[in-house]
Amino acid sequence: MKLSAAFGLISDLRAAIGIATLPTLKAIYREPSLVLRPTSVSRIFMAAVWSAFAGPTDEGARAPKLTLIPHATGAVLDIGAGLGHSIDYLDRTVVTAYIALEPNELMHAAIRARAKAAGFREEDVLILRGCGAEDPTAIRAQLDGAGLQVDTMLSVMTFCSIPDPEQTLTQLVRQVLAPGGRLLFYEHVLSPRADVAWWQRFWTPLWRLAFDGCCLDRPTHLWVAAMEDEGPDGQSMNMWSQHEVWGKEGEPEEHLFWHRVGKFIKHND
Ligand SMILES: C[S@@+](CC[C@H](N)C(=O)[O-])C[C@H]1O[C@@H](n2cnc3c(N)ncnc32)[C@H](O)[C@@H]1O
């Protein structure tokens, strides 16, 4: 692997630190008890980073997102909604409700504004509170309270950050996605190339500090494909009745951010 590719993320790391350090220190100065809450500090840092990175990242992912997100139908749960950039790709003629799962509350105002700008009525938007993807019971409780069931789950570059990912994803799909519903994802994943994978593992401990837990070395697409559910007879069965995984056109193989795009249909039994 070329050294320029192996060290390609340093400019992003430097930019993230340059953008987010001062606002984070200011927040700690205003509220010193934050130092006892590392998760809150990480979210303040990430909110500042993502306010600068989200636009260009969205621009770079426009083509694969256009092949994916318009497949969302019904009530759509956007897992790790960020600043709501996925909203712009939803086909409003087939999407009935937009539900944002975003544990970083500093991003909620932007999500609401983007949904409004895209023409969603207030009553068709739900921003879940006080939970992350790892809390399916809390998610279900809020959905039930709003009388919603999830027809489509969408994740754009979020499965890289959630804790205990294999368990979390399985429980989320089992408990929250309706039978016959769709899981759509666009994620950077562990490369099949051993040399690229080595560098992804090398960088992950540092990268995850700056990007709120984001890991470069997760084979998310393989975990999702292997996901199991309990069948009607109590036996384990594959979670999906159909699935399709594709790549980002023109992406170099040496890329540390090697993307997979996935469209999975949950079984209906
Ligand atoms: C790289 S950003 C992507 C945001 C958005 N999907 C986009 O495409 O712009 C990852 C997002 O995942 C969120 N996140 C982190 N941990 C999470 C968790 N446990 N459950 C749900 N979302 C989480 C972060 O707050 C962040 O907004």
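Starting from 1, each residue takes its place in the sequence as its number. Indexing begins at 1, ligand by ligand and atom by atom, following the structure's order.
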For atom 9 (O) of ligand 1, closest protein heavy-atom neighbour: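 Here the nearest protein heavy atom works out to Trp50 NE1, 3.2 Å.
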Between [X] and ligand 1, find which residue part has any heavy-atom pair under 4.0 Å and reply side chain, backbone, both or neither.
X	answer
Cys214	neither
Phe211	neither
Pro103	side chain
Arg43	neither
Ala54	neither

Could you pull out the closest heavy-atom pair between [X] and [Y], with the gap in Å?
X	Y	result
Pro23	Ile44	O-CG2, 4.4 Å
Ile17	Phe45	CA-CZ, 4.0 Å
Gly262	Leu68	O-CD1, 3.3 Å
Pro64	Lys248	CG-CG, 3.9 Å
Ala72	Val95	O-CG2, 3.5 Å

Contact (N/O only, under 3.5 Å) between [X] and ligand 1:
X	result
Lys65	no
Met157	no
Gly80	yes

Phe257 vs His259 aromatic rings, parallel, tilted or perpendicular, using cut-offs 30° and 60°?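 Taking His259 first and then Phe257, their aromatic rings lie parallel (interplane angle under 30°).
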Which one of [options] has a non-hydrogen atom at the shortest distance from [atom]?
atom	options	result
atom 20 (N) of ligand 1	Ala133, Ser155, Gly55, Gly82	Ala133
atom 24 (C) of ligand 1	Glu102, His85, Met46	Glu102
atom 18 (C) of ligand 1	Val156, Ile79, Ile162	Ile162

Is there a heavy atom in Gly213 that sits closer than 4.0 Å to ligand 1?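 No; Gly213 lies far enough from ligand 1 that no heavy-atom distance drops under 4.0 Å.
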Carefully, step by step, assess Glu228 and Thr170 under the rule side chain to side chain contact (heavy atoms under 4.5 Å, CB included). CA-CA 7 Å; Glu228 297 207 322; Thr170 304; over 6 Å; no
For ligand 1, which atoms have a heavy atom of [X] less than 4.0 angstrom away?
X	value
Ala81	5 (C)
Asn104	25 (O)
Met107	27 (O)
Pro163	19 (N)
Glu134	18 (C), 19 (N), 20 (N)
Gly132	20 (N)

Using ring-ring contact (aromatic ring centres under 6.0 Å, His included) as the criterion, list what pairs up with Trp198, not counting sequence neighbours.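 For Trp198, the residues satisfying ring-ring contact (aromatic ring centres under 6.0 Å, His included) (neighbours in sequence not counted) are Phe202.
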Check whether any side-chain N or O of Lys266 sits under 3.5 Å from a backbone N or O of Leu177 as a donor-acceptor pair, and report yes or no.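 Indeed, once roles are kept as given, a pair shorter than 3.5 Å links the two residues.
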Which pairs with one or both residues in residues 3-20 pass salt bridge (Lys or Arg N to Asp or Glu O under 4.0 Å), sequence neighbours excluded?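 Residue pairs passing salt bridge (Lys or Arg N to Asp or Glu O under 4.0 Å), neighbours aside: none found.
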Can you confirm whether more than 12 heavy atoms, excluding those of Glu253, are under 6.0 Å from its CD atom?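 Open: at most 12 neighbouring heavy atoms sit under 6.0 Å from CD of Glu253.
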Are any of the side-chain heavy atoms of His85 and Met157 separated by less than 4.5 Å?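 They are not in contact (no side-chain heavy atoms under 4.5 Å apart), so the answer is no.
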